[in-house]
Amino acid sequence: MKTAIYPGSFDPVTLGHLDVIERASALFDRLIVVVMHNQTKKPMFTAEERAALLRRVTGHLPNVEIDCFDGLLAAYAAERGACTIVKGLRAVSDFEYEFQMALANRKLNPDVDTTFLMTSAEYMYLSSSVVKDIAAHGGSIRDFVSPEIETEILKRMRKED
Ligand code: COA
């Protein structure tokens, strides 16, 4: 059974992430989407909340599992027996960073490779921060996130006011 893991901070999951999840889930027997800690970021949602949101939007994909992990990605991949890490590439600007991460992860765990999927053109400019910024300034995020995620972002922003 070929297991892939798709890591990220997913704060929150966007339609761009969902696009990668749907395409990766068709390529592998099992896809584990893992909510991880990115030490450079201060998230809006806790890891458990982010995982719960991911579960809500991936319920239609039976071979997708959602998990949380706070540690090294390479160690997590070994623990779960994954053959590859899936990452989405949005633009050439993503490449250098992703290339560095892929090589570092392979050095840490030679049994795990990285598979890059090109993000669909309509989501090339998207990121979780862009979505939160648009919402914070009163713009519509309907085209960027699922309706249930939109509701949760707006609820959280009202609470923080
Ligand atoms: N559609 C929409 N947005 C996308 C996207 C896509 N297909 N692909 C990426 N993005 C967005 C993300 O939402 C994120 O937005 P944000 O910066 O506004 O939060 C941004 O692009 C960057 O994504 P990514 O580079 O995947 O960062 P991340 O924070 O989501 O995930 C980890 C980074 C968690 C995978 C990384 O920090 C990690 O591996 N941590 C574990 C510790 C470790 O092992 N470190 C050593 C690694 S060598």
Side-chain angles (χ1 to χ4, degrees), residues 3-28 31-54 56-58 61 64-80 82 84-137 139 141-146 148-150 152-153 156-157:
T3 298
I5 54 179
Y6 179 36
S9 43
F10 303 109
D11 185 47
V13 56
T14 67
L15 292 182
H17 294 126
L18 199 53
D19 170 54
V20 172
I21 292 170
E22 284 173 345
R23 286 189 294 121
S25 72
L27 293 175
F28 300 99
L31 179 70
I32 304 171
V33 182
V34 58
V35 176
M36 300 202 76
H37 178 64
N38 183 332
Q39 58 182 13
T40 65
K41 296 179 182 173
K42 195 175 168 292
M44 169 180 266
F45 296 99
T46 66
E48 276 309 326
E49 287 170 337
R50 286 177 267 153
L53 294 177
L54 273 160
R56 281 166 69 179
V57 297
T58 57
L61 301 168
V64 172
E65 181 190 324
I66 311 297
D67 196 9
C68 295
F69 185 75
D70 191 4
L72 262 189
L73 178 56
Y76 181 78
E79 189 182 305
R80 301 303 309 264
T84 195
I85 293 164
V86 170
K87 293 298 303 255
L89 275 186
R90 289 165 302 169
V92 177
S93 53
D94 279 348
F95 179 78
E96 209 168 321
Y97 170 75
E98 292 296 349
F99 187 50
Q100 187 187 13
M101 297 290 260
L103 291 183
N105 281 320
R106 199 190 305 159
K107 175 80 183 156
L108 293 167
N109 179 352
D111 294 331
V112 74
D113 228 313
T114 302
T115 303
F116 292 105
L117 293 182
M118 299 305 296
T119 299
S120 298
E122 66 258 49
Y123 304 125
M124 258 186 80
Y125 54 88
L126 207 53
S127 74
S128 299
S129 305
V130 163
V131 169
K132 289 180 282 190
D133 198 40
I134 293 171
H137 290 89
I141 52 171
R142 200 152 298 163
D143 289 343
F144 312 134
V145 292
S146 309
E148 51 270 69
I149 307 295
E150 180 189 12
E152 291 305 321
I153 293 175
R156 183 58 51 101
M157 283 186 169

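Each ligand, and each atom within it, is numbered from 1 in the order the structure gives.
- Classified by interplanar angle (parallel below 30°, tilted 30° to 60°, perpendicular above 60°), the ring pair Y76/F69 is tilted.
- No more than 12 heavy atoms of other residues, nucleotides or ligands lie within 6.0 Å of CZ in F99, so this atom counts as exposed by the packing criterion.
- For the residue pair N38/S9, the side-chain donor-acceptor check at 3.5 Å is not satisfied.
- Considering E148, E152, E150 in turn, E152 is the only one that fulfils the salt bridge (Lys or Arg N to Asp or Glu O under 4.0 Å) rule with R56.
- The contact shell of ligand 1, taken as protein residues with any non-hydrogen atom closer than 4.0 angstrom, comprises P7, G8, S9, T14, G16, H17, V20, M36, H37, N38, K41, G71, L72, L73, K87, R90, Y97, E98, M101, A104, N105, T119, L126, S127, S128, S129.
- Taking CD of E122 as the reference point, atom CG of L15 lies at 9.0 Å (rounded to 0.5 Å).
- Using a 4.0 Å cut-off between charged nitrogen and carboxylate oxygen, K87 and D94 do not count as a salt-bridge pair.
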